[in-house]
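Numbers restart at 1 for each chain; the letters A, B, ... are given by sequence-line order, proteins then strands.
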Amino acid sequence: MVGIEKKEIIKKLQQEILSLEGFKSATTDLQQEDIGFQLMADAFPRHTFPKGTIHEFISQTAACATAVSGFVSSILSILMNNDTPCLWISTKRSLFPAGLGYFGVQPDKIIFIDITKDKEALWVMEQALKCSALSAVVAELSEVSFTESQRLQLAVEKSQVTGFLHRRKPRRENTLACTARWKITPLASYTENGLPGVGFPLWEVNLEKIRGGKPRKWALGWRDNKFISIAAEQAPQQRTLKKQAVCLNVS
Amino acid sequence: MPKRFLAIWFPYLSVDNVLKKSPDLRDKPFVLCAAEQGKMIIKAVSTRARKEGINVGDVLTSARAILPEVASFQDDPITTQRVLNALAEWCLRFSPIVAVTSPDCLLLDISGCTHLWGDERSYIESLKHRLAREGYQIRAAIADTIGAAWALARYSSSPLPIVEPTKHAEALGLLPPVALRIAPATVLRMQKLGFKHIGQFMNIPRSSLRRRFGEDLLQRLHQALGNYPEVITPIKPAAPYEQRLPCLEPICTATGIAIALQNLLEELCARLQKEGKGLRSGIFKGHRIDGNIQQIHIGTNKASHNVAHLFKLFELKIPTIEPALGIELFVLEASIVEDIQDAQETLWGAPSAYSKIAELLDNIAGKVGLCAIRRYLPAAQHWPERSIKTAHSLQEAPSIPWSNNLNRPIHLLSKPEPIKVTVPLPDYPPILFIHKKKVYKLTKADGPERIEQEWWIEDGEARDYYRVEDDQGARYWLFRLGQYGQGEPQWFLHGFFA
């Protein structure tokens, strides 16, 4: 009996702490199933993907940056489900809108802002995060300071827009006032029954930090407009190309 | 460049006005009259009434004696004048310099305009045709001087008088003296003396003419001949949405400028709101005491008459205004104005999501420039660089669906980068490639997908695209330009897959 009471009290206190930490109290959210994020739900506070906060992504190589773009687009497609537009701010953009279709995003719903300086990108992001008509704001830049990230967090708390901060090749991985820190690395693509050719994308998703949740690691892919999980042991054998090569052509 | 002038005379302007208002009067006799010295004097006559022998200047009662069923209306010179001014503004499409000469004539400086219509004849015919369609009968003439054009429009016997350059003196010589725009008393005196044509006295020494007819005749005659200068005062079409704020004391502080801007915006927006319009582009000008004009310019993504929003856009640029000794006149001009579509939604006070985003983008454009904001739509082309196009407005919807398969990369290099590859057999995918001195071993590959150049846009070789994956799991988009066996093909890295 005493144990149950204790659990109740702890649960209540946890809720209180969460609401103090900026997660908007949402008793309704608790009942609502978190569509699209079931695979990752264990790691999140209250088993829901934290919306209305800032998520930080760090990528050190071009391949990782591409994986982050893919993963963020997948999340965007879930957040934008009722066609609310999103802003994609970038200092050196190479994102190709026509490639987003696979991830379930309508590329014409994304408004791209291309600028040259990190400072301006942060200014634009802060302005955009205050606009509650957007579903999400993505910013690709390299250097952010702790104070700047705090400003973003403040902007987000009012409007409940989700922000994604993608830091490409930062000089130092300094701590930011963000709810979550993610690192995405590409994994060998998955094909059914080991068919030859390149299959659908697979990433190693590393949730390094999450406020109020438990950091975890997954191998996730994206297929048919939803996340899929491939357990490590099921990961396909890395198939090399059939070595029928007799003569090698070096060009 | 020699000057050319066009005079347009509306002989029946007031009658045409009445007919435009009530077309059923077209075949009926009617007159327009005004009270003068206790009598109703006829000021204009319809075509039918003219045929019956009623003339301008007759008394209404005598007209009724000739034709009992003649209808009479009050002449309205003020409306006629307003119509003439409107016609002058309409004529700005033909020439930038248009002047009104009362009571029923327009003067156009057409130097360097006529070649746009071909030649002077087609120019004048186009003008005549358009006015005739609107129901206005005109007589128009082109000559080197204002006086000659005016005289020819009224008194020339040819239906479409166009006087060749420098030939206006001969043409004038055949016209009666009244064509010189001189006082009726002088005309009467000339008639008495037997001067029936201008040519008869054109070459009489100036001193004799001055002694008998006064300086006025000489001036008019030589203006028509082009010896004396004559200028026309062109009409100035007012910027349709403009607010002015003159200041008693010159303003030289940012606060003062902001207050002026706020006042002007409130007035302008009140007017825009009443007319259901919104501002797309606006200019705020400050006229300085020393004659310099300082101005700032804003543009919006969506027509807006929201004072707070527009003020915020202008506010960012107020520091660029240099008041120097002070600004004495502020002018706010809406250069582009559009109808507002979603006026209904503002009824509840909550601006729609769309206008919120438009306001956000205006704000961003004010800081980083409009060209930084882009939105893309699919284009019906296979060549990757041309498969997307930029959208022109925030509401433009895609005309064809986006592809949702995996064969386009999520990152595309703006310029394909050359790589070195190892290919086992000519048409096989590569097994490794070297990019920037780094070797990538490839384990999986798809392809090739051949994309041909659109020959009607650009010439060039086809590209064979391969989707490949290296041993680290990173996925790339490579292509081969050209084919083995036909010269030396080149390989490029073009994109990255997620």
Side-chain angles (χ1 to χ4, degrees), chain A residues 61-63 65-67 69-71 73 84-85 94-104 106-108 110-115 120 123-124 127-128 130-134 185-189 191 196-203 222 238-241 243-251, chain B residues 353-354 356-357 359-361 363-364 367-368 372-378 384 387-388 391 394 396-398 402-406 408-414 420-426 428-429 431 442-446 467-469 471-475 484 488-491 495-498:
Chain A
T61 63
T66 317
S69 293
F71 185 72
S73 324
T84 38
S94 57
L95 191 85
F96 185 49
L100 292 171
Y102 176 77
F103 298 97
Q106 280 292 312
D108 57 283
I110 298 183
I111 300 159
F112 291 97
I113 316 270
D114 297 326
I115 28 197
E120 278 181 348
W123 182 87
V124 173
Q127 297 294 318
K130 286 177 188 162
C131 177
S132 55
L134 294 171
T185 40
L187 286 180
S189 64
T191 49
V198 182
F200 58 85
L202 212 59
W203 308 293
W222 181 259
Q238 289 194 351
R239 270 168 196 278
T240 48
L241 281 173
K243 285 180 183 163
Q244 300 168 342
V246 183
C247 57
L248 292 180
N249 262 344
V250 182
S251 67
Chain B
Y354 170 62
K356 263 192 200 169
I357 291 170
E359 286 184 5
L360 167 73
L361 292 183
N363 204 354
I364 292 171
K367 174 101 174 176
V368 298
I373 301 171
R374 288 191 195 96
R375 209 168 67 86
Y376 294 96
L377 296 177
S387 64
I388 51 169
L394 207 53
E396 201 177 339
W402 290 96
S403 86
N404 57 357
N405 52 25
L406 242 182
R408 287 291 174 272
I410 196 161
H411 280 197
L412 190 79
L413 295 171
S414 53
K420 288 193 167 182
V421 300
T422 305
V423 184
L425 275 174
Y428 267 66
I431 52 172
L442 304 178
T443 53
K444 293 180 183 177
D446 265 342
R467 288 173 57 209
V468 296
E469 185 178 298
D471 51 358
Q472 306 296 314
R475 290 166 276 275
Y484 287 106
E488 191 62 18
Q490 286 170 295
W491 284 83
F496 302 88
F497 287 94

Among the options A/W203, A/W123, A/F200, A/W222, pick out the one with the most heavy-atom pairs lying under 4.5 Å from chain B.
A/W123
So for B/R475, is it side chain, backbone, both, or neither that comes closer than 4.5 Å to the heavy atoms of chain A?
side chain
Top residue by heavy-atom pair count (under 4.5 Å) with chain B, among A/A63, A/C131, A/A67?
A/C131
Heavy-atom closest pair, residues A/F112 and A/P97:
CE1-CG, 4.0 Å
Would a 4.5 Å heavy-atom cut-off, applied to side chains only, mark B/I431 and B/P424 as touching?
yes
At their closest point, which heavy atom of A/P186 faces which heavy atom of B/G473, and how far apart are they?
CB-O, 3.5 Å
Side chain to side chain, A/L134 and B/L360, heavy atoms closer than 4.5 Å:
yes
Look at A/P85, A/S94, A/A65 and state which one has the largest set of heavy-atom pairs under 4.5 Å with chain B.
A/S94
For the interface with chain B, which of A/S132, A/G70, A/G197, A/P107 has the highest count of heavy-atom pairs at distances below 4.5 Å?
A/P107
Write down the atom of B/E469, the atom of A/S189, and the distance for their closest heavy-atom approach.
OE1-OG, 2.5 Å
Nearest atoms (heavy-atom pairs only) where A/A98 meets B/W402:
CA-CZ3, 3.9 Å
Flag the one option from B/R467, B/R374, B/E396, B/Q490 with the top tally of heavy-atom pairs under 4.5 Å to chain A.
B/R374
In terms of heavy-atom pairs under 4.5 Å with chain B, which of A/T61, A/I111, A/V124 leads?
A/I111
Chain B heavy atoms under 4.5 Å from A/I115: which part of the residue, side chain, backbone, both or neither?
side chain
Contacting region of B/I364 [heavy-atom separation from chain A under 4.5 Å]
both
So what's closer than 4.5 Å to chain A heavy atoms on B/I373: side chain, backbone, both or neither?
both
Chain A heavy atoms under 4.5 Å from B/F497: which part of the residue, side chain, backbone, both or neither?
backbone
Bottom line for A/Q127: the part with an atom under 4.5 Å from chain B's heavy atoms is both
I'd like to verify something: which residue of A/A62, A/G99, A/G199, A/S73 has the highest number of heavy-atom pairs under 4.5 Å with chain B?
A/G99
Nearest heavy-atom contact between B/P398 and B/L377 is N-CD2, 3.7 Å
Whatever's closer than 4.5 Å to a heavy atom in chain A on B/S387 counts as side chain
Just jot down the salt bridge (Lys or Arg N to Asp or Glu O under 4.0 Å) partners of A/D108, sequence neighbours excluded, or say none.
none
Main-chain N/O of A/V198 paired with B/D446 side-chain donor or acceptor, under 3.5 Å
yes
